[in-house]
Colleague: 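Quick one: the structure is below, and I'll ask about it shortly.
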Amino acid sequence: MDLKIFDRMESEVRGYIRSFPVIFNQARGSVLIDENRNEYIDFFSGAGTLNYGHNNPVFKEKLVEYVESDGVVHGLDMATSAKKQFLETVERVLLKPRNWQYTLQFTGPTGTNAVEAALKIARQVKGRQNIISFTHGFHGVSGGSLAVTANAKFRNAAGVALANTSFMPYDGYFGPDVDSIACIERMLEDPSSGLDKPAAVIVETVQGEGGVNVATLRWIKELEKLCRRHDMLLIVDDIQVGCGRTGSFFSFESAGIRPDIITLSKSLSGYGLPMSLVLMKPELDIWKPGAHSGTFRGNNLAFVTATAALDTYWTSDAFSTEIQRKERMVRDWLENVVHSYPNAGLAVRGRGLIQGLVTNGDPSLAGRIASKAFEQGLVIETSGAQDEVLKLLPALTIEDELLTRGLEVIERSVGEALAESGQQGARVLKFGGKAR
Ligand SMILES: *Cc1c(COP(=O)(O)O)cnc(C)c1O
């Protein structure tokens with residue numbers, strides 16, 4: 001496939017095209033199709049943007065209907081019928097059944113816009129500048145969001161000081177024996193710790209970009225209590241692992257917490273259409289009219305598909321049950337792979353349908369597995385500080401048959417990558433010491 005025009009015209013900043021150097025042309029459900037009609041199983045889902053698959057037929061029908069009827073496409077933040085339906089649906093499907101009250105702020109369309117708004121709200125409400133963020137956290141690459149993002153690759157590109165943030169150890173950062181909440185509390189209590197009193201804590205319950213680091217439910221609960229004790233707002237950035245990724249619509253539901261502010265984006269529209277949302281407790285809504293704006297806060301096509309997504313998948317528990325069943329399939333498969341190569345330094349971690357195969361022994365292994373998998377028709381990415389985690393993000397709606405085929409590709413790719421690096425695991429020996 002001829003990728004020359006991309007090399008010639010597009011900035012060096014391009015990223016994923018390098019991992020998947022083909023020209024994609026069509027996509028349906030969990031299958032991507034390139035210009036040569038090769039098919040790929042998608043275990044990446046637009047970094048968690050396509051939880052309901054590509055071109056979900058139910059949403060597509062609503063979208064086409066809306067476009068055909070000359071529904072308003074761009075509406076700034078004016079009232080439109082599509083937005084009204086979305087608000088009604090959020091209230092009926094998400095808030096009322098949980099007995100929650102949140103005020104909605106529509107921000108610019110991409111995730112970082114929601115994070116910027118959330119940080120502004122917290123700082124305004126508390127009248128403080130500092131924010132606690134976590135090691136390996138990722139919250140976007142615009143100024144404010146970048147300041148709370150840990151990854152040096154992104155931070156170094158800023159060109160200015162990234163201030164007003166204190167990074168604290170995420171759950172398990174110093175190993176299982178160190179209680180990082182106690183460390184943070186010690187610093188908050190000590191007036192000479194050097195920690196400026198924070199307005200808020202921003203956290204991902206599972207760090208997607210940071211390497212599929214999973215906070216325990218206990219830690220999440222303790223973090224909420226810490227916030228209450230020290231008068232800090234709790235912001236849960238549910239942009240990647242919300243919208244069902246961990247099994248429930250919000251990722252923190254099983255921890256039983258009530259964040260003050262929640263950010264949503266990626267899979268919110270359900271169709272890959274840009275849309276972001278901030279949910280805040282009503283008393284935090286101290287905005288002056290128009291004090292935060294954005295031309296694209298009213299992507300009505302996204303409202304239509306987001307409404308369809310909530311109505312189709314989230315009015316009962318059936319979809320959650322389905323996600324949990326698939327989680328077990330993926331988990332069992334990966335654990336089996338890990339046990340097949342006991343000396344390879346492999347491990348599994350994740351929650352719901354975000355699962356990581358960690359290649360502790362040799363960080364470069366994850367990348368080699370991913371590229372071997374791509375050669376065999378599987379789109380999958382790595383994450384983590386050294387890209388040492390193979391990150392599985394299949395669509396929540398993926399058919400069992402495609403899920404199994406994808407897992408088979410991973411298993412084969414692990415075997416091949418290990419054989420290449422001279423690691424003769426048990427599985428390889430079973431086949432006469434030859435790489436399959
Ligand atoms: C992707 C992501 C963002 C940023 O979203 P963009 O749409 O890329 O701006 C923020 N937070 C988390 C947790 C993310 O995964």
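For ligands, and for the atoms within them, numbers begin at 1 and follow the listed sequence. Only heavy atoms go into these numbers, but all of them, side chains included; no hydrogens, no water, no symmetry mates.
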Colleague: Can you sort out which atoms of ligand 1 are near Thr112, meaning under 4.0 Å from one of its heavy atoms?
Modeller: 4 (C), 5 (O), 6 (P), 9 (O)

Colleague: Pull out every atom of ligand 1 sitting under 4.0 Å from any heavy atom of Gly111, numbered as shown with elements.
Modeller: 5 (O), 6 (P), 7 (O), 9 (O)

Colleague: Enumerate the atoms of ligand 1 whose separation from the nearest heavy atom of Glu204 is less than 4.0 angstrom.
Modeller: 13 (C)

Colleague: Would Trp219 and Phe134 count as a ring-ring contact (aromatic ring centres under 6.0 Å, His included) here? Give the steps.
Modeller: CA-CA 13 Å; Trp219 189 85; Phe134 290 98; 5.2 Å; yes

Colleague: Note the single closest protein heavy atom to atom 11 (N) of ligand 1, along with its residue, its atom name and the distance in Å.
Modeller: Asp237 OD2, 2.7 Å

Colleague: Once the angle between the rings of Phe59 and Tyr271 is folded into 0 to 90°, is it parallel (under 30°), tilted (30 to 60°) or perpendicular (over 60°)?
Modeller: tilted

Colleague: Quick check on Gln207 - does any of its heavy atoms sit under 4.0 Å from an atom of ligand 1?
Modeller: no

Colleague: Have Thr112 and Ser142 got a donor and an acceptor in their side chains that come within less than 3.5 Å?
Modeller: yes

Colleague: Taking C-beta and beyond as the side chain, do Ile262 and Tyr102 meet within less than 4.5 Å on heavy atoms?
Modeller: yes

Colleague: Tell me the protein heavy atom at minimum distance from atom 7 (O) of ligand 1, and give that distance in Å.
Modeller: Thr110 OG1, 2.6 Å

Colleague: Measure from NZ or CZ of Lys83 to the centre of the six-membered ring of Phe106 and say whether it is under 6.0 Å with the direction within 45° of the ring axis.
Modeller: yes

Colleague: Which label fits Tyr16 and Phe20: parallel for a plane angle under 30°, tilted from 30 to 60°, or perpendicular past 60°?
Modeller: parallel

Colleague: Considering only non-hydrogen protein atoms, determine which one is nearest to atom 2 (C) of ligand 1 and report residue, atom name and distance to 0.1 Å.
Modeller: Lys266 NZ, 2.6 Å

